[in-house]
Protein chains: 2
Amino acid sequence: MEIDLGQGRSTDQVRPHNLSMVLRYLHLAGPLSRAALTQRTELSRSTVATLVAELTERGLVVEGPPRSPSGPGRPSPEVRLADDGPVVLAVEVGVDSLAVAIVGLGGDVRSQVRVDRERSPVAAREVVAEVHRIGGPLLDAQPAPLVAIGVSIVGVVRRTDGLVRIAPNLGWRDEPLGELVAEAFGADVPVLVGNDADLGALAEHQRGAGVGLDDFVFLCGEVGVGGGVIMDGRPLRGADGYSGEVGHVAVNPDGRPCRCGSRGCLETEVGEPALLRAAGVDPTRGGREAVDEVLHAAARGDERAVRALREIGGWLGIGVAGIVNIFNPRRVVLGGYFADIFRYVDDQIGGALNSRALPATGASVEVVASRLGAQALLLGAAELAFAPLLADPTLFPGVPTETRRAG
Amino acid sequence: MEIDLGQGRSTDQVRPHNLSMVLRYLHLAGPLSRAALTQRTELSRSTVATLVAELTERGLVVEGPPRSPSGPGRPSPEVRLADDGPVVLAVEVGVDSLAVAIVGLGGDVRSQVRVDRERSPVAAREVVAEVHRIGGPLLDAQPAPLVAIGVSIVGVVRRTDGLVRIAPNLGWRDEPLGELVAEAFGADVPVLVGNDADLGALAEHQRGAGVGLDDFVFLCGEVGVGGGVIMDGRPLRGADGYSGEVGHVAVNPDGRPCRCGSRGCLETEVGEPALLRAAGVDPTRGGREAVDEVLHAAARGDERAVRALREIGGWLGIGVAGIVNIFNPRRVVLGGYFADIFRYVDDQIGGALNSRALPATGASVEVVASRLGAQALLLGAAELAFAPLLADPTLFPGVPTETRRAG
DNA sequence: TAGTTTTGGTTTGCAACAAAACAAACAACG
DNA sequence: CGTTGTTTGTTTTGTTGCAAACCAAAACTA
C-alpha cells in the first residue's frame, strides 16, 4: 500500500518535454514557422531556436524557406517534419480485410496495401504470415528508418503486454499477437497492439472529427460494436486497458441473446448483422457491399430497407444516449459502418438524445460521422507506434549516443 | 480549430512541481523523514533540503526530532504538516443532513457539526443560511488561516463555474451554490462545489478503499445513485463535469419508470426507496433508521427483509457488472447506504459479475464497501478545496510576496 | 573508544530557459 | 529608389534549480 506520486522533476527533464511539444505541434498542426512555434509553446525565441536545432540535428525536422506571403518584418523560416525521418509500420487486422501501411510523422501515409479476408476463424499465425507477405515488400521498398510497428485488432487487448485476450470474430483467445508480428518481421523494433476502436478514437482525436476536443467517444460499428473514449485529452484505458467496451450496454429488453450472456446488448441490436437481417439480406454475407445494397435500396425508397435503417437507428440512439449519460462527451463520432448509415439515422439519434439523455448532458453533445473513414484504424495504429517517440524525441535516432536515465 | 498542446515548460516551473510533490506526500502518507522523502521523490538530498526549507518558511510544514527507533546512521528529522497551517471549510449538503467541518492538510478534521434535515424541497438560500449558522462558529473558533471552501452537493454540478444544474432531492435547478456560500460567509476565499459521488470517489481514492489504485469507481447509494470515477489516478470529468452519472444505466426492463424518462434505471431499482418499498417499510420515511430497521429485520431472519435485500442486491449486481464492463476498474467501492447493506448483497454482486461481466474485465475487479463511511463526502469536499494549494504550494501564504506568472 | 553507516550541510558545476541587445530581412511609404 | 518601421533570428548574459562531491554530524556496533 505504498503511495506513489511519481517522481520529482529535475531540470534535465525539461528539455525532452519541450522537444516533445515542438515535435507534436508539427505532427498535428503541420509545418509552422519558428515564430508560430514560439507563440504556441510560449517559450522564448532563443529556446525555440535551440529546440529546432536539436530536432534538426536528430533528423526529425528540417527548416525551409519562409512561406511566400509573409507580412511585415523579417520572415520566419518554416519548420516541417523531415521527409527522411522515422516511419512506422501500421497494421490493421479487421473482420473483412487486412491492411498494412508505412506511415511517417504527421500522419503521412507513404504506401499502403489492403487485402480482403474471409469472415471466418483463422489461426493467428496465418494472419500474421499474410500480414508479413503483403507488408514485407512495403518495408523493403522504403529507405526511412523504421522505429516501431503498431497493430490494430478487432478484439480485446491487455494493456500491459498487448496480449489479445479475445477476438470473437477471428476465433482468437489469448493470442500474443505482438510477439508473432515481431517474429514474422524479424524486427528489432517495439510492436504495439491496440484495440481497433481505441485506435480509431486516437486517430479521430488527432486528425479527424475529434480534433481540438478533450472529451469525446468514438463508436465503431462492425460485426460487433467497439468504443474508444478520449477524456481530458487522453485515451481512457482502465485497469487492464479494457475501458470503453460499450458494445454490451443494454438497449433492448426484448432483444436477441448476446454471446456475453445478456440479451439485447447494443452490439446485438445494431451490429452489421442486425441491419442486414432487418433488411432481409443474408447476414452471413456481411461486408461493405451488403451494407451498400441496403443503403441503395433505402435511397430508392425500398420500404423494408428504410424500416431496417430506422430500427437500427432507434437502438443506436438509445445506446448513444446511455453512453452520453455516462461519459458526458462533447461529441460522439460514429465510425465503421455507422459512418455509412449515419445520414439515415441522424435524426433518430437526435431524438433519442432528446428523450433519454439527461438534460444537461444531452444538450452539450453532438453526434457526427467519422471523418477518417476506413483510414482511421491504420492512422490510429501509426499513432500508437509513434507515441513513445513523440513523448521523448531524444529516443531518436535509435542508437543511444550517450547514457540516458532509465525510465 | 486551433490545436493547443499546452505550454512549454521552463525551469522555474520545476520548483512548484517538486514542492507540490513533497507536500502531497506528507498530505497522503503522513509524517515522513527527510530521508524517506528523498527516496520517494527520487530527488537529491540537497534538493529535498531546500524544498523542505521553503515549505517550512511558508508555514506549511515543520521539522521535528527524528522518530525514536532509528537504525544505524545519522537519524533523519521528521517532516510533518504544520499544526497552524492552512485549513479549509468543508460543507456537505446531503438529502438527510447538512454537515460542516474545519479540515486541515492531511485530512485532519479539526471540528465538525452535522444537523438533520427534512427530506423535502428547500430554497437554496435557506440551506446556505443554515450552513452558515452552524459553520460560522466553527470558523470563528479556530485561528488557522482559511484558504478555501469546498462544498459537496447531491446534484449535478457544472465544472466550469460550479453551478448546480439540477438537484432533484432538493428541488433545485440552476442554483449558483458557490456564490451563495461565498456571500453568506463573506469570505474572500474561493468556493469550490462538487458532486457528492465525485467527491466521495476523491476521498476514497486518497484515504479510503481506493488508496493506491489508479482505476476505480465509487458508487454512492442514496435516494438516487451517484457515481464517481477515478481513471488513471485522476477524476473523470467529461466535457462539463457530468461524467460518471451511472444512476441511469438500464438494469431492469420491467422496472419502474424513472424521472429520466426511461424505465428500470439503476437508480429506481436500487435507490433507498426501492429497498424500503420491497421490505414493506414506508419509503417516504427514508433515512438511516429506516434502512437499519430493514437490516435488523434481516439479521433476525425476517423473510421479507431478506428477500428485499436479495432483490436489491440482484439489480445492484447487474448495474455494477455494466459499470465494470464500461470502465474496467480495479475496484468498485460502494458508499452511502450501499456500504450498510454490502454484507447482505456481496454474494449476489459477485454472481452478477461472474455471469454478466466480460470475462477479462470481470476477473480483475473487486467490490468492497466504503472505508470512510459518512466522512467520505466531507473529506472529499476538503480535498477539492485543498487541490489548488496542493498543486502549487507557492500560492500559500496568500499575500503574494512577489509577482507571479499568470496561469 | 574506534569504526561503520547514514544523513545533513555546503560548495561547486551543469543544464536549460529568459531577457536584452543587436543584426537581418521584409513591407510600406514617400 | 531610399528610408522607416516591424518582426524575427542570433548572440550574449543572467538566473533558476537540481545533482554531485565532499565534509561534518549523529546514531549504532564491537
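We name chains A, B, ... by the order of the sequence lines, and we start the count at 1 in each one.
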What is the distance, to the nearest angstrom, from the [atom1] atom on [X] to the [atom2] atom on [N]?
{"X": "B:L19", "N": "D:dC18", "atom1": "CG", "atom2": "P", "value": "8 Å"}
{"X": "A:L51", "N": "D:dG9", "atom1": "CG", "atom2": "C1'", "value": "15 Å"}
{"X": "B:Q13", "N": "D:dC18", "atom1": "CD", "atom2": "P", "value": "13 Å"}
{"X": "B:R67", "N": "D:dC28", "atom1": "CZ", "atom2": "C1'", "value": "19 Å"}
{"X": "A:E42", "N": "C:dA19", "atom1": "CD", "atom2": "C1'", "value": "17 Å"}
{"X": "A:R15", "N": "C:dA16", "atom1": "CZ", "atom2": "P", "value": "5 Å"}
{"X": "A:M21", "N": "C:dC17", "atom1": "CE", "atom2": "P", "value": "12 Å"}
{"X": "A:L43", "N": "D:dG9", "atom1": "CG", "atom2": "P", "value": "14 Å"}

Just how far is it from atom [atom1] of [X] to atom [atom2] of [Y], taken to the nearest 0.5 Å?
{"X": "A:N18", "Y": "A:L37", "atom1": "CG", "atom2": "CG", "answer": "11.5 Å"}
{"X": "B:L202", "Y": "B:F386", "atom1": "CG", "atom2": "CZ", "answer": "13.0 Å"}
{"X": "B:D392", "Y": "B:L19", "atom1": "CG", "atom2": "CG", "answer": "8.0 Å"}

Close N/O contacts between protein and nucleotides 28-30 of chain C (under 3.5 Å):
none

- Counting any heavy atom closer than 4.0 Å, what does A:S33 reach on the DNA or RNA strands: base, sugar-phosphate only, or nothing?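 Nothing, no heavy atom under 4.0 Å.
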
- Task: For A:I230 and A:D214, run side chain to side chain contact (heavy atoms under 4.5 Å, CB included): C-alpha distance rounded to whole Å, both residues' side-chain angles, the deciding distance at 0.1 Å, then the answer.
- Result: CA-CA 7 Å; A:I230 304 282; A:D214 276 349; over 6 Å; no

- Distance check: side-chain N/O of B:T11 vs OP1/OP2 of D:dT16, anything under 4.0 Å?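 So the side-chain polar atoms of B:T11 never come under 4.0 Å of the phosphate oxygens OP1 or OP2 of D:dT16.
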
Scan nucleotides 1-4 of chain D against the protein and return all N/O pairs shorter than 3.5 Å with their distances rounded to 0.1 Å.
none

Select one nucleotide: of [options], the one nearest the side-chain heavy atoms of [X].
{"X": "B:R74", "options": "D:dC18, D:dA27, D:dA24", "value": "D:dA24"}
{"X": "A:N18", "options": "C:dC17, C:dG8, D:dA19", "value": "C:dC17"}
{"X": "A:S76", "options": "D:dT8, C:dG8, C:dC26", "value": "D:dT8"}
{"X": "B:D12", "options": "D:dA19, D:dT16, D:dG9", "value": "D:dT16"}
{"X": "A:V14", "options": "C:dC17, C:dC26, D:dG17", "value": "C:dC17"}
{"X": "B:T47", "options": "D:dG9, C:dC26, D:dC18", "value": "D:dC18"}

- Does a salt bridge link A:R40 with B:D4, judged by any charged N lying under 4.0 Å from a carboxylate O?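 No, this pair does not count.
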
- Return the 5'-most residue of the pair A:R45, A:T50 with respect to DNA chain C, ranking by each residue's nearest nucleotide.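 Looking at DNA chain C, the more 5' nearest nucleotide goes with A:T50.
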
Main chain of [Y], side chain of [X]: is a donor-acceptor contact present, judged purely on distance under 3.5 Å?
{"X": "B:Q206", "Y": "B:L28", "answer": "no"}
{"X": "A:S33", "Y": "A:S76", "answer": "no"}
{"X": "A:R80", "Y": "A:G30", "answer": "no"}

- Message: Tell me whether the rings of B:H205 and B:F216 are parallel (<30°), tilted (30 to 60°) or perpendicular (>60°).
- Response: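 Rings of B:H205 and B:F216: tilted, as their planes differ by 30° to 60°.
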
- Query: Start at the 5' end of DNA chain D and walk down; is the nucleotide closest to A:S46 or to A:A35 reached first?
  - Reply: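 Residue closer to the 5' terminus by nearest nucleotide: A:A35.
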
- Given the rule in the side chain to side chain contact (heavy atoms under 4.5 Å, CB included) test, do A:E204 and A:R371 qualify, once you have shown the distances and angles that lead to the verdict? CA-CA 7 Å; A:E204 292 285 345; A:R371 250 176 52 192; 4.1 Å; yes

